[in-house]
Amino acid sequence: MHDSYISKEVEDKLRKLWTDEGIYKFDSESKKQVYSIDTPPPTISGLIHMGHVFSYSQADFVARYKRMRGFNVFYPFGFDNNGLPTELLVEKNNNITAEKVGREKFIELVEKETKKYEDIYKDVWTHVGISVDWSLLYSTISKEAQITSQRSFLELSKLNRVYRKETPTIWCPKCKTAVSQMELKDKMVKSKFVDIRFKDDVIIATTRPELLPAVVAIFVNPNDEKNRKHVGKLVRVPIFGQEVKVFADSRVDPKKGTGIVMCSTFGDLTDIEWYKAYDLDLKIEMDDKGRMLNEYFKGMSVKEAREKITEDLKEKGYVLGDKSIEHSVNSHERCGTEVEFLVKKQWFVKYLDMKKDLIDLGNKLKWHPEYMHVRYDNWINGLQWDWSISRQRYYGIPFPVWYCKKCDEPVLAEESELPVNPMETMPKKKCAKCGSAEFAPEYDIMDTWMTSSLTPLINTRFWLDNPRKNVYPMSLRPQAHDIISFWLFTTVVKCYLHTGKVPWSDVLISGHGLDKHGKPMHKSLGNVVEPLPVIEKYGADALRHWASLSRLGEDASFQEKDVISGAKLVNKLWNVAKFVSKNSSENIKKSNNVVDRWMLSKTMELIKNVTMEFESYNSAGAKRLIDEFFWSFCDNYLEFIKYRIYGNGDKPDYILSHVFFAILKMMAPFLPYVTDEIYLELYAKDEGKKSIHVTDWPKYEENLIDGNSLETGDKILRIISYIRQWKHARKMALNAEIQKLEIEGDLEDGMEDIAGAMKIKNVLKGIGEEEVPGTGIRIRIVA
RNA sequence: GGAGGCAUAGUCUAAUGGUAGGACGGCGCCUUUACACGGCGCAAGCCUGGGUUCGAUUCCCUGUGCCUCCACCA
């Protein structure tokens with residue numbers, strides 16, 4: 001074996017070997033039980049950082065463990081290139097807009113561009129040692145994903161789970177599209193809170209006086225002593241003159257403004273809630289571009305209209321005062337425009353009636369950690385609207401739908417036509433309702449969650465040629481906690497509707513990888529740590545060591561010192577391997593030595609405990625046990641056996657090699673490179689496997705546990721530690737010779753081992769002077 | 001505003017109903033044939049207040065601080 005371990009060389013070599021030998025390949029012919037993982041497809045946005053390494057490593061620990069437990073592991077990878085971040089990236093890199101080049105062409109460009117990033121991403125993931133089978137790669141804009149999404153829509157339609165309805169929608173007047181809640185960001189703006197007198201004692205403070213023509217009701221809090229007398233009365237709106245009713249609703253904050261709120265259709269989300277809850281009139285006072293419709297200020301922008309109406313109100317004496325405020329408003333993250341609420345026809349997935357089922361489904365999942373389950377339940381209990389799935393965006397997967405030009409009846413595509421772009425293809429049939437053959441395409445596209453919610457079905461090729469058997473329901477969904485309410489939730493909804501089953505048996509929720517101060521990594525904060533330079537410097541195993549330290553579900557800050565510890569651990573493993581390689585033999589006789597039996601017993605206990613931790617998805621716990629054991633193995637056991645190796649005692653070769661092999665295997669999911677390199681050097685020849693990652697997990701043999709040796713070993717360790725302190729107090733080297741050790745008390749075995757480890761010429765039963773704490777044994781040391 | 005998580009030496013963290021283990025850093029000793037990228041040792045810590053208990057860092061409540069998600073922002 002080489003004197004020192006050079007991570008870069010070994011990693012380059014092993015990456016190639018793993019690929020060439022297909023170590024991580026899913027075997028579709030195998031009869032072995034499948035363990036399938038619904039890997040999160042990272043967004044193609046041009047950036048990978050330690051946060052990704054952190055969460056993907058945690059899933060990889062599980063994958064590698066399961067592989068060694070004999071499962072046929074289905075571990076795919078995907079790229080999410082169907083969404084705004086990718087769209088923006090591709091537009092920027094090519095200096096184009098999706099709309100100008102056309103959808104088909106743009107998707108081609110995305111796929112080309114994605115390929116570049118795929119190569120970069122794949123390079124990082126393979127360097128990190130994520131053991132996915134790259135032949136299972138998918139992308140969320142691919143033809144397969146399009147077929148799956150569109151088919152899903154058709155199926156939901158058969159189930160009467162989709163409907164189209166005119167409803168208030170978050171709208172960007174500049175981009176002229178509906179936007180999802182996720183595409184909004186808060187923006188602080190300066191604004192004026194104007195007090196407007198409707199009636200003598202009905203004064204309303206508003207920042208949106210231009211919405212007066214759209215006012216349809218007035219609200220006060222039911223507990224508001226001062227204002228509740230107005231409830232049920234009719235009040236006339238200044239200038240526009242419509243009479244509206246006053247309602248009581250707890251959503252009104254009596255302390256804010258005057259405690260009286262006007263409700264217009266629509267100023268904000270509360271207005272929409274009230275509109276729905278009280279069945280209010282609908283007054284559309286704004287067009288797609290954010291221009292006012294009312295004759296009073298027709299064609300003006302929101303801002304112009306606001307100025308004009310404020311002036312007029314002042315002139316006519318309706319304004320009692322105003323106050324400058326700064327408040328946050330929702331704006332479109334892409335262009336910064338303040339969003340409005342317009343009434344538009346949108347497609348919805350109906351699921352509000354499924355709340356109880358969805359809660360039940362959540363109960364069927366095994367959540368790791370368990371407390372993450374609450375977030376899922378909370379989300380469902382708080383749902384107020386069905387899932388709006390249409391977007392008036394350009395880039396994405398189209399709805400497989402046309403509308404009859406005569407009667408507006410929707411016509412759905414045939415399954416055999418998928419994927420279909422209704423803007424380019426027309427239906428081959430006539431309108432079922434009126435017989436017309438003239439159709440207009442649906443121009444909207446589907447929300448990206450419509451596609452990403454289908455990853456288990458994309459993975460299993462549910463509606464595609466050559467569907468994969470035994471993959472679904474999948475075994476594991478690993479993901480971070482921030483998207484429980486989106487990705488996890490929507491996947492449960494869709495997979496349940498399509499398959500009647502919950503899509504996985506276990507859910508593994510990881511935290512975020514943060515910078516060293518505990519802040520999220522963001523390009524704009526300049527705190528992004530990229531994985532490859534760290535791998536270059538310390539090795540991939542060292543980096544994975546960092547990822548293996550924190551408790552499941554907890555965020556972890558990136559500490560370089562933890563990577564350094566990892567590098568030291570790797571180095572230590574290598575050095576022990578050298579020691580083992582020099583001192584191993586074919587000798588497999590059972591040892592009667594108490595220290596050997598102690599070591600073997602401890603190893604069995606370790607296997608049992610580590611396995612238990614892995615089975616409960618606590619890989620950090622497993623890693624801790626192994627690390628602790630390994631360091632003790634080095635510092636104690638190896639010191640105990642050297643005298644026998646270098647002297648004439650019973651050679652402990654077999655135990656040494658056997659125990660180290662068990663440690664190595666249990667380390668393998670975490671440190672795949674160094675463990676495999678050592679395996680190939682030391683053990684592969686006997687076992688005949690091509691990689692440690694396809695060997696069997698160490699076997700727990702209860703009959704090897706010897707209670708007596710465990711007790712004795714513990715005592716011996718305490719005595720050793722005591723003698724070490726004794727030597728230290730005399731500034732002696734640890735290997736300095738001691739003449740004599742007298743032991744008084746209950747210790748039958750291990751005298752020779754103490755003598756050997758501590759270089760004591762003569763260890764004998766005798767009269768002790770000092771008690772070794774925790775042993776009940778007294779000793780006397782004679783220098 | 002709602003929900004959830006976290007709070008342990010200078011820093012990062014672990015376990016635990018009977019006063020705490022590790023890592024980095026600090027100090028000191030040891031060039032021992034796997035390893036000085038090492039070994040051994042020393043100093044240094046349980047956020048505030050209340051409750052349950054013979055006893056709480058651990059369980060419960062409260063406050064405070066940090067983080068995440070959701071909602072609001074008339």
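A, B, ... follow the sequence lines: proteins, then strands. Residue 1 opens every chain.
- Remark: P of B:U31 and CG of A:L734 are 10 Å apart, rounded to the nearest angstrom.
- Where A:Y371 and A:L514 meet RNA chain B, the nucleotide closest to each residue was compared, and A:Y371 sits on the side nearer the 5' end.
- A:K519 comes within 4.0 angstrom of the backbone, heavy atoms only, and of no base.
- The aromatic rings of A:F660 and A:F630 sit tilted, their planes meeting at an angle between 30° and 60°.
- Salt bridge annotation for A:K303-A:E338: absent, with no cationic side-chain nitrogen under 4.0 angstrom from a carboxylate oxygen.
- Distances from the side chain of A:D482 to the nucleotides B:C69, B:G41, B:G39 place B:C69 closest.
- Checked for salt-bridge contact, A:R208 and A:E340 meet the test: a charged N lies under 4.0 Å from a carboxylate O.
- Between A:I170 atom CD1 and B:C73 atom P the separation is 12 Å, expressed in whole Å.
- Residue pairs meeting the salt bridge (charged side-chain N to carboxylate O under 4.0 Å, His left out) criterion with at least one partner in residues 541-550 of chain A, sequence neighbours excluded, are A:D60-A:R544.
- Pairing of B:A7, defined by two Watson-Crick or G-U wobble distances under 3.5 Å, is identified with B:U64.
- For B:G28, its base sits under 3.5 Å from the side chain of A:H728 at one donor and acceptor pair at least.
- Proximity of residues 202-214 of chain A to RNA chain B (heavy atom under 4.0 angstrom from any strand atom) is restricted to A:A205, A:T206, A:T207.
- Of the nucleotides present, none pairs with B:U53 by Watson-Crick or G-U wobble criteria with both distances under 3.5 Å.
- No engagement by A:W574 is indicated, since no non-hydrogen atom pair under 4.0 Å with the nucleic acid exists.
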Using the 3.5 Å cut-off, write out each protein N or O paired with an N or O of nucleotides 13-20 of chain B and the distance between them.
{"residue": "B:A14", "atom": "OP1", "partner": "A:R551", "partner atom": "NE", "Å": "3.2"}
{"residue": "B:A14", "atom": "OP2", "partner": "A:R551", "partner atom": "NH2", "Å": "3.3"}

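- Taking the ring centre of A:W726 as origin, the terminal cationic atom of A:R730 falls inside the region bounded by 6.0 Å and 45° from the ring axis.
- Residue A:D627 contributes atom CG, which lies 12 Å from atom P of B:C24 at whole-angstrom precision.
- Of all nucleotides listed (B:C73, B:C42, B:C30), B:C73 comes nearest to the side chain of A:N330.
- A cation-pi contact links A:R477 to A:W487, judged by a cut-off of 6.0 Å to the six-membered ring centre and 45° from its axis.
- For B:U19, there is no paired base (Watson-Crick or G-U wobble, both distances below 3.5 Å).
- With a 6.0 Å radius and a threshold of 12 heavy atoms from other residues, nucleotides or ligands, A:K283 has its NZ atom above the threshold.
- With a cut-off of 3.5 Å on both Watson-Crick or G-U wobble distances, the partner of B:C40 is given as B:G28.
- The nucleotide whose nearest atom lies closest to any side-chain atom of A:K568 is, among B:C40, B:C35, B:C24, B:C24.
- Comparing A:S721 and A:S4 by the nucleotide of RNA chain B whose heavy atom lies nearest to each, the residue mapping closer to the 5' end is A:S4.
- Regarding A:E639, its CD atom lies at a distance of 8 Å from the P atom of B:C40, rounded to whole Å.
- For A:Y278 and A:F219, the ring centers sit closer than 6.0 Å to each other.
- Aromatic ring orientation, A:H52 versus A:H49: tilted (interplanar angle from 30° to 60°).
- With respect to the salt-bridge test (charged N to carboxylate O, under 4.0 angstrom), the residues A:D596 and A:R644 qualify.
- Straight-line distance from the CD atom of A:E560 to the C1' atom of B:C37: 14 Å, rounded to whole Å.
- The base of B:C29 is not paired with the side chain of A:K731 by any donor and acceptor separated by under 3.5 Å.
- Checking B:G4, B:C70, B:C12 against every side-chain atom of A:K561, the shortest atom distance belongs to B:C12.
- Summarising the geometry, the separation between NZ on A:K623 and P on B:G22 is reported as 17 Å, rounded to the nearest angstrom.
- A distance of 6.0 Å separates CH2 in A:W379 from CG in A:L383, rounded to the nearest 0.5 Å.
- Here B:G41 presents its P atom at 15 Å from CE of A:M732, a figure rounded to the nearest Å.
- When the side-chain nitrogen and oxygen atoms of A:K572 are compared with OP1 and OP2 of B:G39, one or more of them lie within a distance under 4.0 Å.
- Among the nucleotides B:C37, B:U68, B:C35, the one closest to the side chain of A:R375 is B:U68.
- With B:C30, B:C37, B:G4 as the candidates, the nucleotide lying closest to the side chain of A:A733 is B:C30.
- Between A:F670 and A:F61, the ring-plane angle classifies as tilted under the 30° and 60° cut-offs.
- Using a 4.0 Å heavy-atom distance criterion, A:C263 is classed as making no nucleic acid contact.
- If you check every strand for non-hydrogen atoms under 4.0 Å, A:S264 touches nothing.
- Atoms NZ (A:K578) and C1' (B:C37) sit 11 Å apart, rounded to a whole Å.
- The partner of B:C73 cannot be assigned: no Watson-Crick or G-U wobble pair with both contacts below 3.5 Å exists in any strand.
- Within the shown strands, nothing qualifies as a pairing partner of B:C46 under the Watson-Crick or G-U definition with both distances less than 3.5 Å.
- Nearest nucleotide to the side chain of A:D562, out of B:C37, B:C12, B:A3: B:C12.
- Rounded to whole Å, the P atom of B:A44 lies 11 Å from the corresponding atom of B:G10.
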